[in-house]
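Computed from a predicted model, the values in this text were never measured in an experiment. Heavy atoms only: backbone and side chains are in, while hydrogens, waters and symmetry mates are out.
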Amino acid sequence: PISMVDGKIEVQVDIGTHKINAILDTASPRTIMRRDIAENTVGLKADTPQMVAVPGMRDGSDMQIYTATFPQITFAGGVTALNAPALIQINGMTHNLHKEAVLGSRAQFKADPRIPALTLGMDVLRQLHLYVIYGQQNIYMTAAD
């Protein structure tokens with residue numbers, strides 16, 4: 001089953017024993033996991049062999065980006081992507097030049113929208129054949145090999 005979130009396909013996947021909602025993004029070359037999901041849900045820790053800082057790579061808010069490899073990402077029905085690399089980051093890659101101030105007792109800026117918990121990019125999606133039937137809100141997939 002799929003659901004549409006802001007015009008994007010969302011599916012549920014399993015990483016280890018953890019269920020995570022993931023957006024399918026064919027425009028993204030890389031898979032990206034939000035850092036709070038990596039640390040609090042999956043149990044990764046920054047600056048360990050499982051979650052390594054990428055030298056010189058920072059997100060749009062100048063926060064360090066990490067990388068991790070997940071042995072398996074499993075979709076409903078048992079289709080599995082193996083050795084899936086992912087960038088681990090807090091914010092999007094673009095810097096918002098037009099932040100709106102929130103008026104009150106202190107000047108603050110409106111929060112940037114959060115990136116999805118998991119965005120599956122082409123580095124993972126290329127391992128799969130996908131057949132999306134929007135009218136049925138279903139996606140059928142098989143391994144690419």
Side-chain angles (χ1 to χ4, degrees), residues 1-102 108-145:
I2 63 170
S3 57
M4 299 301 291
V5 176
D6 295 328
K8 298 175 184 168
I9 298 171
E10 183 179 73
V11 297
Q12 193 172 68
V13 299
D14 292 321
I15 296 179
T17 59
H18 310 285
K19 294 199 177 301
I20 299 171
N21 292 332
I23 298 293
L24 305 183
D25 189 352
T26 58
S28 176
R30 302 283 309 264
T31 293
I32 300 167
M33 180 178 278
R34 201 171 63 228
R35 185 171 174 181
D36 65 317
I37 299 298
E39 292 179 341
N40 300 332
T41 303
V42 180
L44 299 177
K45 300 289 181 229
D47 297 316
T48 64
Q50 292 76 33
M51 190 170 143
V52 179
V54 180
M57 188 177 266
R58 303 187 83 70
D59 67 18
S61 297
D62 202 35
M63 299 295 291
Q64 179 65 52
I65 294 177
Y66 297 85
T67 187
T69 300
F70 299 109
Q72 295 182 354
I73 296 178
T74 305
F75 296 84
V79 175
T80 301
L82 300 173
N83 298 318
L87 294 177
I88 310 293
Q89 61 191 66
I90 297 173
N91 304 293
M93 292 301 291
T94 57
H95 180 69
N96 185 359
L97 297 176
H98 304 290
K99 284 190 170 190
E100 293 182 45
V102 177
Q108 298 176 357
F109 288 104
K110 288 184 180 178
D112 289 331
R114 294 180 71 173
I115 63 174
L118 179 64
T119 301
L120 296 173
M122 288 307 296
D123 54 352
V124 169
L125 296 177
R126 68 179 171 80
Q127 297 184 38
L128 309 167
H129 290 293
L130 305 173
Y131 308 92
V132 180
I133 303 174
Y134 290 98
Q136 295 177 4
Q137 291 196 329
N138 278 318
I139 188 168
Y140 298 92
M141 62 181 66
T142 61
D145 48 23

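Within the 4.5 Å cutoff, no side-chain heavy atoms of Leu24 are placed close to those of Lys8. Within the 4.5 Å cutoff, no side-chain heavy atoms of Ile37 are placed close to those of Leu118. Val5 places none of its side-chain heavy atoms less than 4.5 Å from the side chain of Asn21. Side-chain contact between Met57 and Thr67 is absent, with no heavy atoms from C-beta onward closer than 4.5 Å. Residues Met141 and His129 form no side-chain contact, since every pair of their non-hydrogen atoms from C-beta on lies 4.5 Å or further apart.
Phe70 contributes atom CZ, which lies 13.0 Å from atom CG of Asp14 (distance to the nearest 0.5 angstrom). Considering CG of Leu120 and CE of Met33, their distance stands at 9.0 Å, rounded to 0.5 Å. Atom CD of Gln12 is separated from atom CD1 of Ile2 by 14.0 Å, given to the nearest 0.5 angstrom. Taken to the nearest 0.5 Å, the OG1 atom of Thr41 stands 9.5 Å off from the CD1 atom of Ile15.
Residues Thr119 and Pro116 come closest through the heavy atom pair OG1-CG, 3.6 Å. Among all heavy-atom pairs drawn from Ala27 and Pro29, the shortest one is O-CD, 3.6 Å. A pairwise comparison of heavy atoms in Ile90 and Asp59 identifies N-OD2, 3.8 Å as the closest pair.
Under a 3.5 Å cut-off, the side chain of Asp123 and the backbone N or O of Thr31 do form a donor-acceptor pair. Gln127 places no side-chain N or O within 3.5 Å of a backbone atom of Ala143 that could act as its donor or acceptor partner. Side chain of Asn91 to backbone of Gly60: no donor-acceptor contact under 3.5 angstrom is found.
Arg34 has a carboxylate O that lies under 4.0 Å from a charged side-chain N of Asp36, or vice versa, which qualifies the two as a salt bridge.
Val11 pairs in a side chain to side chain contact (heavy atoms under 4.5 Å, CB included) with only one of the listed residues (Ile139, Ile23, Leu130), which is Ile139.
Side-chain contact of Gln89 with Arg35: a donor-acceptor pair under 3.5 Å is absent, judged by distance alone.
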Extract all donor-acceptor atom pairs below 3.5 Å that involve side chains of residues 72-85 and protein atoms in other chains or at least two apart in sequence.
{"residue": "Thr74", "atom": "OG1", "partner": "Thr80", "partner atom": "OG1", "Å": "3.4"}
{"residue": "Thr80", "atom": "OG1", "partner": "Gly78", "partner atom": "O", "Å": "3.1"}

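For Gln137, there are no side-chain hydrogen bond (donor to acceptor under 3.5 Å, both in side chains) partners two or more places apart in sequence or in a different chain.
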